[in-house]
Amino acid sequence: MSTRSSEQSQSTPPGVRRERFGTTPDGQIVERFTLTSPSGVTIGVLSFGGVIQSILAPDRRGALADVTLGYDTLEEYGRDKSYLGALVGRYANRIREGRFTLEGREYTLAKNAGGNHLHGGMRGFNKAVWAVKPFEERGDIGLALEHVSRDGDEGYPGTLRARVSYRLTRDGELVIDFLATTDKATPVNLTQHAYFNLAGSGSGDILGHSLELNASRFTPVDATLIPTGELRSVRGTPFDFSTAETVGARIGADDEQLRLAGGYDHNFVLDRTGGAELALAARLTEPVSGRGVDIHTTEPGIQFYTGNFLDGTVMGKGGVPHRYRSGLALETQHFPNSPNEPSFPSTILQPGAEHRSRTVYHFVVRPT
Ligand code: GLA
């Protein structure tokens with residue numbers, strides 16, 4: 001025991017705490033890592049699902065609140081169907097009827113969401129125990145996570161090696177790097193599925209948050225939440241967040257797209273001037289506390305989801321239920337159903353190539 005803890009203290013840099021969180025039903029040990037930065041931002045990460053379990057962020061007066069939804073125990077993460085805080089793969093978001101054709105072969109995936117495939121299937125990356133190594137890099141602290149998904153896993157072709165790095169900077173930026181390689185052509189779309197409530201998880205709904213999205217277009221959906229293929233202008237619609245708007249201001253508007261999704265649950269097409277560089281995607285603010293998060297990404301899209309499926313029946317941290325719209329997700333990603341929509345940017349990864357993307361959450365305090 002003493003040998004083990006001295007080994008751990010050698011490999012765990014200052015600012016990172018490492019502890020045992022639980023054991024999966026098949027006997028795998030799950031750890032929790034707590035990363036603390038001088039900015040006051042502290043992030044709790046589990047090796048199970050690469051889950052971000054907690055994000056402590058200061059308000060205008062320096063008071064900390066946990067601004068992400070989650071659970072207290074591993075058992076609850078095992079049962080979770082809302083992807084709270086998880087890494088999502090192999091394919092984040094929906095694939096129509098769980099089917100796609102690639103290089104002349106048809107592949108069948110689980111239909112785990114109203115006849116469609118969602119977020120990688122029955123046991124996606126959110127249910128895997130990732131190998132985790134803490135690191136320190138030029139004053140930043142972080143975690144390198146790795147997961148190997150075998151050929152045929154959840155119906156997808158090829159062995160896919162996924163690496164994700166969470167790096168917390170001194171001033172409260174969480175830099176998330178995704179890397180994947182394969183030995184057969186396969187679709188890949190990786191994301192982080194944190195839900196934010198910047199007033200504090202469990203404190204109420206997110207309708208009073210203010211949101212700005214760097215998107216002039218979005219992908220309207222059919223009744224099963226699959227994009228129709230159209231890239232529609234947000235102008236003059238409740239989907240226009242090109243200047244900051246309160247989330248709840250138009251969520252109940254008489255609008256076909258809001259009705260189909262039961263609120264916002266749509267992919268926005270990010271405006272980019274230059275290629276696939278890191279660009280602003282979203283700015284979220286909770287006006288009372290002043291807490292904010294700015295999201296930059298290299299991805300072409302972002303799914304804005306207002307927690308419409310949360311219904312108060314599942315308990316969260318501290319025994320507080322996850323009520324309707326008590327958190328919102330901003331999932332940087334490629335567009336849903338891209339493997340069946342040739343006009344969308346391709347999500348096919350070829351052997352010998354690398355899938356790389358970066359998303360940055362910068363936790364900030366906004367002036368009044
Ligand atoms: C994503 C989807 C939603 C929902 C949640 C998980 O955000 O877009 O429709 O499935 O994941 O509950």
Side-chain angles (χ1 to χ4, degrees), residues 49-52 68-71 76-98 109-127 154 189-197 201 205-206 209 211 213 215 218-228 239 247 251 257-269 281-282 284 295 297 299-316 321-338 341 344 347 359 361:
V51 160
I52 297 180
T68 199
L69 274 55
Y71 307 101
E76 292 165 295
Y77 280 103
R79 286 196 297 270
D80 167 78
K81 289 192 165 48
S82 302
Y83 302 85
L84 298 185
L87 291 176
V88 180
R90 293 188 186 191
Y91 197 95
N93 218 310
R94 291 174 171 77
I95 297 179
R96 193 201 300 128
E97 291 169 14
L109 310 168
K111 294 179 190 167
N112 56 327
N116 295 316
H117 180 78
L118 176 69
H119 289 335
M122 307 304 289
R123 284 190 65 82
F125 288 8
N126 58 310
K127 301 291 184 202
E154 289 288 335
N189 189 24
L190 304 176
T191 196
Q192 217 305 325
H193 205 299
Y195 288 68
F196 298 110
N197 184 329
S201 164
D205 66 46
I206 44 68
H209 283 50
L211 177 67
L213 291 173
F218 75 112
T219 52
V221 292
D222 67 15
T224 73
L225 299 185
I226 295 287
T228 59
F239 291 81
V247 169
I251 201 168
Q257 283 298 312
L258 288 171
R259 268 197 307 277
L260 286 172
Y264 295 103
D265 194 355
H266 294 80
N267 169 65
F268 286 73
V269 179
L284 183 68
I295 302 182
T297 190
E299 287 288 346
I302 192 164
Q303 181 86 6
F304 170 41
Y305 168 58
T306 41
N308 313 311
F309 294 121
L310 302 175
D311 62 5
T313 57
V314 179
M315 288 298 161
H322 291 131
R323 295 201 179 87
Y324 185 51
R325 295 181 174 162
S326 59
L328 64 84
L330 288 161
E331 307 150 49
T332 55
Q333 58 169 9
H334 271 59
F335 307 167
N337 196 38
S338 299
E341 192 58 72
F344 287 174
T347 51
T359 290
Y361 300 156

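Counting convention: from 1, in listed order, for ligands and their atoms alike. None of the values given here were measured: they were computed from a predicted structure. Numbers here are sequence positions counted from 1.
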Asn337 meets the side chain to side chain contact (heavy atoms under 4.5 Å, CB included) criterion, sequence neighbours left out, with Ile95, Arg96, Ile226, Pro227, Asn340
- Name the option, out of Lys81, Glu331, Gln303, that contains the heavy atom nearest to atom 7 (O) of ligand 1.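 That would be Glu331.
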Between the side chain of Glu299 and the main-chain N/O of His334, is any donor-acceptor distance below 3.5 Å? yes
Using only atom types and a distance under 3.5 Å, with no angle test, would you say the side chain of Tyr83 pairs donor to acceptor with the backbone of Leu87?
no
Could you tell me, atom by atom, which parts of ligand 1 come under 4.0 Å of a heavy atom of [X]?
X      : result
Leu118 : 10 (O)
Tyr195 : 6 (C), 12 (O)
Phe309 : 4 (C), 9 (O)

> Backbone or side chain, does any N or O of Tyr83 fall under 3.5 Å from an N or O of ligand 1?
Replying inline: no
Among non-hydrogen protein atoms, atom 1 (C) of ligand 1 lies closest to His119 NE2, 3.2 Å
Inset, instruction - Give the residue and atom name of whichever protein heavy atom lies nearest to atom 8 (O) of ligand 1, and the separation in Å to one decimal. - result: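 The answer is Asp265 OD1, 2.6 Å.
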If we set the cut-off at 4.0 Å for heavy atoms, which region of Asn308 has an atom near ligand 1: side chain, backbone, both, or neither?
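No part of Asn308 comes within reach of ligand 1.
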Output for pair (Thr68 OG1, Leu84 CG), nearest 0.5 Å, gives 8.0 Å
query = In Å and rounded to the nearest 0.5 Å, what is the CD1 to CG distance from Ile295 to Leu330?
reply =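 Those atoms lie 4.5 Å apart.
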query = Should the ring pair Phe239 and Phe218 be called parallel, tilted or perpendicular, given that the plane angle runs from 0 to 90° and is split at 30 and 60?
reply =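 Answer is parallel, since the angle falls under 30°.
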